[in-house]
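Notes to accompany the following structure.
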2 protein chains.
Amino acid sequence: MDDPLYSKDLDEETLFVVTQTFKALSDPTRVRILNLLFEKEYSVNDIAENLKMRQSTVSHQLRFLKNLRLVKYRREGTTMYYSHDDEHVINVLQQMIQHALHH
Amino acid sequence: MDDPLYSKDLDEETLFVVTQTFKALSDPTRVRILNLLFEKEYSVNDIAENLKMRQSTVSHQLRFLKNLRLVKYRREGTTMYYSHDDEHVINVLQQMIQHALHH
DNA sequence: TCAATATATGCGTATATGTACATATATAAT
DNA sequence: ATTATATATGTACATATACGCATATATTGA
């Protein structure tokens with residue numbers, strides 16, 4: 001019964017990881033932030049200005065992305081610079097954006 | 001300003017398509033259904049039995065997936081057989097599952 | 001220590017979402 | 001036509017989620 005041809009149901013943990021990751025990519029605010037970070041690292045305020053969002057909105061969503069380790073940050077004084085931190089997921093996002101753009 | 005090095009914000013339609021697609025993959029019920037369909041086509045009731053879900057739950061989620069053209073169906077009498085209908089998205093899902101499994 | 005600046009976060013709220021129940025619809029067989 | 005079976009769907013409800021406001025925290029410089 002461990003023949004890979006038998007489609008077993010996914011175990012709970014795998015299901016959780018997969019759906020959580022996709023959930024991160026299912027919100028316009030988060031996708032716009034991740035898309036901005038393709039270029040380079042940005043501070044929280046710079047993200048907010050660029051995307052015309054409130055600072056708290058950006059910070060909330062960055063926390064979400066940080067918890068899933070999709071972004072990382074470095075401190076410089078009081079400024080936090082955020083950047084991507086998961087090559088695989090970033091790749092998946094880029095693929096999907098290209099797919100959507102080319103149609 | 002159309003230098004691709006300048007990270008422009010995503011246009012509204014692209015953003016919608018991308019986030020909607022990922023939203024489809026962000027729910028455990030839908031992912032379990034799509035995962036089951038990797039093997040072969042299934043009827044609504046067979047999906048419900050296999051995954052121990054209510055018929056209405058399965059039908060609702062199939063409608064969601066059908067609207068996004070992630071699944072298609074064929075009729076045989078009163079039975080509807082559902083199967084995958086978007087190679088790219090299915091590929092992305094499989095990638096993510098493998099990524100999650102191998103850690 | 002105090003003020004200024006950048007970021008994080010608790011809380012309230014409006015909205016979105018997933019599910020179940022009940023029922024409608026559709027097809028087939030008798 | 002009637003009955004049985006498979007699927008779809010309207011509605012209600014509980015829960016999840018995103019956002020904004022206000023405020024807390026942290027770092028720097030005077």
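Numbers restart at 1 for each chain; the letters A, B, ... are given by sequence-line order, proteins then strands. Values in this document were obtained by computation on a predicted structure and should not be read as measured data.
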> Taking the inter-plane angle between the rings of B:H99 and A:H88 on a 0 to 90° scale, is it parallel (under 30°), tilted (30 to 60°) or perpendicular (over 60°)?
Replying inline: parallel
>> Nearest heavy atom decides the nucleotide; on that basis, is A:F64 or A:Q55 closer to the 5' end of DNA chain D?
In response: A:F64
> Between A:G77 and A:S26, who's closer to the 5' end of DNA chain D by nearest nucleotide?
Replying inline: A:S26
Rounded distance in Å - [atom1] ([X]) to [atom2] ([N]):
X: B:K23; N: D:dA16; atom1: NZ; atom2: P; value: 17 Å
X: A:D27; N: D:dA18; atom1: CG; atom2: P; value: 5 Å
X: B:L65; N: D:dA8; atom1: CG; atom2: P; value: 12 Å
X: A:I47; N: C:dA6; atom1: CD1; atom2: C1'; value: 13 Å
X: A:M53; N: D:dG20; atom1: CE; atom2: P; value: 9 Å
X: B:Q61; N: D:dA8; atom1: CD; atom2: P; value: 13 Å
X: B:D46; N: D:dT5; atom1: CG; atom2: P; value: 16 Å
X: A:R54; N: D:dG20; atom1: CZ; atom2: C1'; value: 7 Å

> Does B:H60 stack onto the base of C:dT19, taking stacking as ring centres under 5.5 Å apart and planes under 30° apart?
Replying inline: no
Counting only heavy atoms from other residues, nucleotides and ligands, does the tally under 6.0 Å from [atom1] of [X] exceed 12?
X: B:F64; atom1: CZ; value: yes
X: B:R69; atom1: CZ; value: no
X: A:K52; atom1: NZ; value: no

>> Applying a 4.0 Å non-hydrogen cut-off, can you work out what A:Y73 is touching in the nucleic acid: base, sugar-phosphate, or nothing?
In response: nothing
>> So B:T79, base contact, sugar-phosphate only, or nothing? Heavy-atom distance under 4.0 Å.
In response: sugar-phosphate
> So A:L70 and A:H84, side-chain contact (heavy atoms from CB on, under 4.5 Å) or not? Walk me through it.
Replying inline: CA-CA 6 Å; A:L70 300 190; A:H84 288 303; over 6 Å; no
So, does [X] get its side chain near the phosphate of [N], meaning an N or O under 4.0 Å from OP1 or OP2?
X: B:T57; N: C:dT19; result: no
X: A:T29; N: D:dC19; result: yes
X: B:Y82; N: D:dA8; result: yes

If you check the [X] side chain, which of [options] turns out closest?
X: B:R75; options: D:dA18, C:dT27, C:dT9; answer: C:dT27
X: A:T78; options: C:dT7, D:dA18, D:dA26; answer: D:dA26
X: A:S56; options: D:dA26, D:dA8, C:dT9; answer: C:dT9
X: A:V44; options: D:dA8, C:dG18, C:dA8; answer: C:dA8
X: B:N45; options: D:dA18, D:dT7, C:dT9; answer: D:dT7

>> Hydrophobic clustering (ILVMFWY, side-chain heavy atoms < 4.5 Å, transitive) - are A:M53 and B:F16 grouped together?
In response: no
